[in-house]
There are 2 protein chains.
Amino acid sequence: MTEALALPDRSARRAALLDAADRVVAREGLAASMASVAAEAGVSKPILYRHFGDKGGLTAALAERHTARLWEVLRAALGTSGTPRDRVEATVGAYLAAIEAQPQLYRFLTAREDEPEQVRGFTHGLAALLTRGIALELGVAPGPREQVWARGIVGMVQATGDWWLGTDPRGADGLAREELARHLTDLLFGAYGAATR
Amino acid sequence: MTEALALPDRSARRAALLDAADRVVAREGLAASMASVAAEAGVSKPILYRHFGDKGGLTAALAERHTARLWEVLRAALGTSGTPRDRVEATVGAYLAAIEAQPQLYRFLTAREDEPEQVRGFTHGLAALLTRGIALELGVAPGPREQVWARGIVGMVQATGDWWLGTDPRGADGLAREELARHLTDLLFGAYGAATR
DNA sequence: GGTCAGTGTTACCGGCGGTAACACCGACGA
DNA sequence: TCGTCGGTGTTACCGCCGGTAACACTGACC
C-alpha cells in the first residue's frame, strides 16, 4: 500500500542522488566522498546509506547507470565491418574515447575495488562482457583461456588508458588516441612477437 | 622503559622499520596502516614519519627493497635461451611466481598509487624496466610504441595476476601458474588474432 | 485521538594519515 | 658545576573518512 506511493518517490530520489554523485565525481574524482555527495544532493548522509547500503553500493549503481551506454558503444564497435583486427581497434578506441570524455568517472569506477568479493564491479562486468565476446568471435564456449584473455585485455587497456590520461597531450610523450589504440591493437595481434622474429 | 638498542645508527633503524613493515604487510596486506607498522616496530608513529616522510615514502622504500630481487629474477628469465616466446613466457611466469610467493606484499605495492605524480612507484619502475627491455630486444631506441607496450603488458599481467590470486586454486576456475603464463604469452604473440582468422 | 511506519535529521563512533608540542638526555663551553 | 642546546623519543591531538545510533517529525489508518 504505502509501497505504491513510496516506490515512484524512491526511484526519483535515487535518480536525483545519482545525479548528484555524477556531479561530485566529475568534480572531485577519486576523492569524492559520501559526505560531499550528500551535500551536493542537499540531503544528509543516512539517506545515501539507506539507498545504497555503502559506498560500494553507490559505486555499483553509478557503474550500472553508465555502463549501459558504454556497452552500446562497445557493441557497435565490435560490430564494425572489416577484419577482426579492425573490430578490436575500433573497440579499444571506443573505450579510450569513453574514458577520455569522462576521465574522473572512470578513474572512480576502476579504483581498486576492495577485496570483499564485490561481485558487482565495473571491471568485473567489463571482463565478463569481453569473455563472452571473445568466445563468440572464436566460436567456442567460454573457458579459462577466454577468461584470462578478457581479464588481460581489460587490464592492459585500463592500465595504458590510465597512464595516457596522466600524460600531457602537448608534451613530448603526447599521444593521439588513435595512435594509442593502434599500438595496443598491434600488440594484441602479435606485432611484438613478429618484430622479434 | 625503552631501553636498549645499542645506539643503532639511522640506517640500521631504517632497516628495522622496514623489517617491521614487511611483517605487517605480509599479515594485513592492503589494510596495513602506519600505526600498526609503528607498533610492530615497537616505536611511535612520528619516528616512522621522520624516516619516510609519509606513507608513500614508506611504500617506495619497501618497493626499492624488494624490486632489486625481482629485477634479478626477471632479468634471469629474460636471459632464457630459446625463442623470444620462451623468454616472454619465462618472464611472465617469474612475475607470477613472485606475486604468488608474497601476494600481500605485491597487492600493497600495486595498490592504486594516488595521483600526486609519485615518480617513484612499483608499477612505474616495472614499466620503465620493460620499456628498456622491449627496445633492447627489438634493437631500437625506446619510443612511444615501446612505452605503450610496456605499460600494457605490465597492466595485463598485473590485472590477471590480481584476479588469479583471488580465485580458488581448487575451484572450477582454478588455474595453474604455468597455464596462466602460457595463455598470456599466447595472447601477446597474437594467438587471438590467429584464431579469428 | 492514539498508534505506527516511514522519512528526515543531528551527533556520534572508530580508524585513518599526519603533526604539534613537549620530555628526556648526552655533549659542551663558561 | 652549571646552563643551554640539538637530537631522539613520547603523548595527545587534528581533520577527514566510511558508517551508524538515536531521536524528531509527519501523515495514514483503526
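Quick note on labels: first sequence line is chain A, next is B, and so on, each numbered from 1.
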When the distance from [atom1] of [X] to [atom2] of [N] is rounded to whole Å, what number comes out?
| X | N | atom1 | atom2 | result |
| --- | --- | --- | --- | --- |
| B:D54 | D:dG15 | CG | P | 20 Å |
| B:L17 | D:dT8 | CG | P | 13 Å |
| A:E28 | D:dC17 | CD | C1' | 13 Å |
| B:K55 | D:dC17 | NZ | P | 17 Å |

Checklist entry - Applying the side-chain hydrogen bond (donor to acceptor under 3.5 Å, both in side chains) test to B:D22, which of B:R65, B:R27, B:Q102 qualifies? => result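 Considering B:R65, B:R27, B:Q102, a side-chain hydrogen bond (donor to acceptor under 3.5 Å, both in side chains) with B:D22 is found only for B:R65.
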Item to check | Least distance between heavy atoms, B:G161 atom then B:L96 atom | outcome: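 Closest pair (atom of B:G161, atom of B:L96, distance): CA-CD2, 4.1 Å.
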Checklist entry - So which heavy atom on B:R107 is nearest to which on B:L30, and how close? => result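 Closest heavy-atom pair between B:R107 and B:L30: O-CD2, 3.3 Å.
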Checklist entry - Under a 4.0 Å N-O cut-off, is there an ion pair linking B:R182 with B:E178? => result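 Looking at B:R182 and B:E178, the cut-off is not met.
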Next on the checklist: Quick check against the 3.5 Å criterion: does B:E64 have a side-chain atom that pairs as donor or acceptor with the backbone of B:A61?
Outcome noted: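 Such a contact is absent between B:E64 side chain and B:A61 backbone.
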Checklist entry - Is a side-chain donor or acceptor of B:T67 paired with a backbone partner of B:L70 at a separation under 3.5 angstrom? => result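 No, because the side chain of B:T67 does not come within donor-acceptor range (under 3.5 Å) of the backbone of B:L70.
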Checklist entry - Could you go step by step and tell me if A:Y106 and A:Q158 meet the side-chain contact (heavy atoms from CB on, under 4.5 Å) rule? => result CA-CA 9 Å; A:Y106 286 99; A:Q158 278 185 355; over 6 Å; no
Checklist entry - Quick one: CG on A:L130 to CH2 on A:W149, what's the gap to the nearest 0.5 Å? => result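 Between A:L130 CG and A:W149 CH2, I get 11.5 Å after rounding to 0.5 Å.
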Next on the checklist: Contact list please: residues 44-53 of chain B against DNA chain D, heavy atoms, distance less than 4.0 Å, in numerical order.
Outcome noted: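 B:S44, B:P46, B:I47, B:R50, in order of number.
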Item to check | Between the first and last five pairs of the helix from C:dG1-D:dC30 to C:dA30-D:dT1, the angle of the axes, rounded to 10 degrees | outcome: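 End axes: 40° apart.
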